[in-house]
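Just follow the structure's listing: the first ligand is 1, and inside any ligand the first atom is 1. Numbers here are sequence positions counted from 1. Note that the structure is predicted; figures quoted are calculated from it, not measured.
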Amino acid sequence: MRSVIPFNRDWLYTPAQVSEDTPDSTFQAIDLPHTNIELPHHNFDNADYQFISTYRKHFRLPEPLNGRRLFIDFDGVMIAATVIVNGRRYGEHGGGYVPFSFDITDAIHPDGDNVITVLVDSTERPDIPPYGYVVDYLTFGGIYRDVSLRYVEPVHIDKVFVRTLDVLTAPRVEIDVWVKNHGDQARTVSLNAAVEYGEGAAIDGGAVVSVAAGAPQQYTLALSTGGSFRLWTLDQPERYAAFITLSDSADRQAALDEQEILFGFREAIFKDDGFYLNGEKLQLIGLNRHQTYPYIGAGAPARLQRKDADILKFELGLNLVRTSHYPQSPHFLDRCDEIGLLVFEEIPGWQFIGDSDWKALSLRDVQAMIERDRNHPSIILWGVRINESWDDEAFYKATNALAHQLDPTRQTGGVRYFMESQFLEDVFTFNDFSKGVRDPIHTPHLITEFNGHMFPTKTFDQEERQIEHAHRHALIQDLAFANPRVTGAIGWCAFDYNTHREFGSGDRICYHGVSDMFRLPKWAAFVYASQVEPAVRPVLHVLSLWTMGDRSEGGCDPLMIATNCDYVDIWAGDQQLGRFLPDRERYPHLPHAPITAHGGTQLGVWGKAYQDLRVVGYVNDQPAAEQRIAADGVPQRLELTADDDAIHADGSDMTRLVFRITDAFGNRLPFATAVIQFSIEGEGVLVGENPFPLVGGQAAVYVRAARQPGTIRVTAASLTAYKHLQPASVTIRVE
Ligand code: GAL
């Protein structure tokens with residue numbers, strides 16, 4: 001039978017290419033996922049992570065082979081890996097965003113000590129997508145995703161694709177199973193599959209097949225009809241498990257292999273007049289996500305990957321994310337399935353197409369992406385062009401044909417930035433940097449980027465810029481809602497990200513996010529957050545610092561408020577300034593238009609005394625949300641919060657610690673600069689800059705669990721300014 005054993009622990013690492021006889025004592029002990037170098041969150045040189053490093057692991061087989069084959073599975077190594085087992089070298093795998101495996105059975109010492117070495121080349125290899133030219137993001141380096149060992153019988157299940165049909169009328173399931181026979185003769189086996197739908201009820205199907213030796217053979221099992229299934233929807237993303245078993249045909253009890261695949265019943269189609277999920281039209285509203293984080297590059301464990309999906313769905317209120325510009329972590333996609341967040345996933349690349357070998361790798365990426373991810377109900381579209389590249393008819397006909405062959409159930413897109421581009425895909429996915437929304441030439445049409453470099457904005461920019469940033473996101477989403485031929489719009493982008501010197505603000509950050517790189521909101525984030533229905537969560541956020549002299553010429557008129565409330569009352573001290581409605585003139589089509597409150601001198605005058613601001617939002621004439629902003633602007637609190645109460649004692653689990661300097665009502669004070677010093681006790685380490693010179697009023701560090709259970713206690717104190725602020729502490733259990 002199959003066993004899959006996590007292989008993340010107890011690796012040795014050295015940031016150099018060394019030979020196999022280099023002593024262990026020159027390495028450091030690490031656990032995976034791992035970044036080849038921890039960096040400051042900005043102002044580093046992007047050459048810093050570009051080197052070859054060596055990973056080594058000594059191990060004895062965790063289980064006896066008992067005639068089985070043994071594979072090592074890498075979820076992702078940036079950007080090329082050469083694997084050596086007991087001196088036996090396997091070919092180099094090039095490409096940092098897709099998984100790869102080696103059958104290491106013949107190299108292993110079944111009863112003795114083994115050593116595996118992985119040489120990881122994290123330089124910008126021009127022969128491997130996305131490189132060849134510059135790209136506007138950083139790839140970082142290391143064995144940055146999970147590794148596992150997989151034991152399988154010589155005859156085993158290689159791949160599975162669960163396809164649902166007639167989902168809205170009479171749901172059916174067909175399952176493609178690829179069986180690999182590693183022997184030298186054909187073998188007759190029995191293949192069976194079942195999907196349960198409660199109280200022992202199931203649909204099933206099976207076949208007895210003769211599997212030729214050699215390359216994996218494909219079989220399709222049509223399961224019996226008639227099951228009663230709930231749909232996978234955004235509010236109730238119901239999933240089912242398909243159990244696939246492979247057994248000896250003579251002896252059905254002698255199971256050879258077993259796989260459990262989660263999938264969902266949903267129909268997702270882009271049509272000329274809109275996107276339809278389960279037969280209902282849904283306006284897509286999304287943001288682009290890069291997979292990189294401050295300090296740790298791309299080496300983020302499952303918890304942080306899952307948290308990003310939660311932020312996109314539950315904090316930003318999105319229904320779609322684009323995994324710009326590459327396949328992302330399986331943990332991220334699993335979470336999108338679980339919570340009901342749609343995904344547009346695309347192949348690695350950025351504006352550049354290489355030679356024929358490079359294109360062959362890119363086609364390999366199409367295949368690896370789709371074979372890895374086609375069972376995810378959240379994925380609604382495959383991106384099969386290099387982001388924003390020039391037209392290449394033969395190449396893109398090939399990527400589209402391959403995608404359709406590997407997955408006949410999904411449409412393709414391919415992101416371009418010129419309208420005249422040859423339309424070879426099913427959906428015209430277009431980056432619209434026109435500052436408006438261009439009328440589609442081809443349909444279905446999806447806007448896959450806007451804003452971004454057109455208006456970079458920092459959390460510590462002057463308030464007029466931050467307001468304009470929010471307005472631009474509201475405006476383009478509004479125009480996308482207005483045009484019935486536009487299926488939706490995905491803004492650039494969710495989170496600020498590290499980048500090359502050729503882009504960004506010179507400190508290796510593109511400040512293009514509606515949130516900063518710590519995933520903390522700028523004001524534009526509240527434009528998205530406030531598009532959810534108030535019954536889900538009432539949202540009200542004033543897009544102002546409520547200071548009398550930050551804007552040109554002073555005052556706060558007009559006051560913009562991102563909210564899903566029906567109306568707001570605004571008070572300055574005990575004086576009511578008026579009742580204000582959503583600004584339907586500026587944003588006629590958004591589900592929830594921000595409010596533009598014009599109050600003239602009532603909203604402050606340069607140099608005149610003013611009072612605390614209070615804004616109360618009403619839903620169905622009941623108060624539903626409120627925000628207050630102190631007029632005195634005095635830092636009152638240093639806040640420190642952890643995303644999780646408990647993390648795993650596995651040496652690699654992490655959680656985020658957010659810290660902020662706020663006024664008396666909890667509003668961050670973006671111009672309160674202070675050096676924050678952290679102290680940490682217990683079973684974990686701090687990941688991030690310590691001390692941290694805070695700008696923007698908010699930032700984050702992380703803690704990584706040790707391998708011993710216990711607790712971690714972190715305290716933050718303001719070292720320089722604002723000595724009156726009390727230190728803040730959090731305690732996290734390590735379990
Ligand atoms: C696009 C590109 C993105 C990002 C963005 C910045 O052209 O696809 O990766 O660079 O510009 O606005």
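Residues satisfying the side chain to side chain donor-acceptor pair (under 3.5 Å) test with S329, not counting sequence neighbours, are none. Applying the salt bridge (Lys or Arg N to Asp or Glu O under 4.0 Å) test to D461 and every residue at least two apart in sequence or in another chain returns R465. D392 pairs by the salt bridge (Lys or Arg N to Asp or Glu O under 4.0 Å) definition with K359, not counting sequence neighbours.
Here the two rings, on W492 and H469, have centers that are 6.0 Å apart or farther. Two rings, from F503 and H512, have their centers 6.0 Å or more apart. Ring pair Y137/H325: centre-to-centre distance below 6.0 Å.
Protein residues are said to neighbour a ligand when one of their heavy atoms lies under 4.0 Å from it; for ligand 1 these are D136, H325, W350, N387, E388, N431, F433, E449, G452, H453, W492, Y497, H512.
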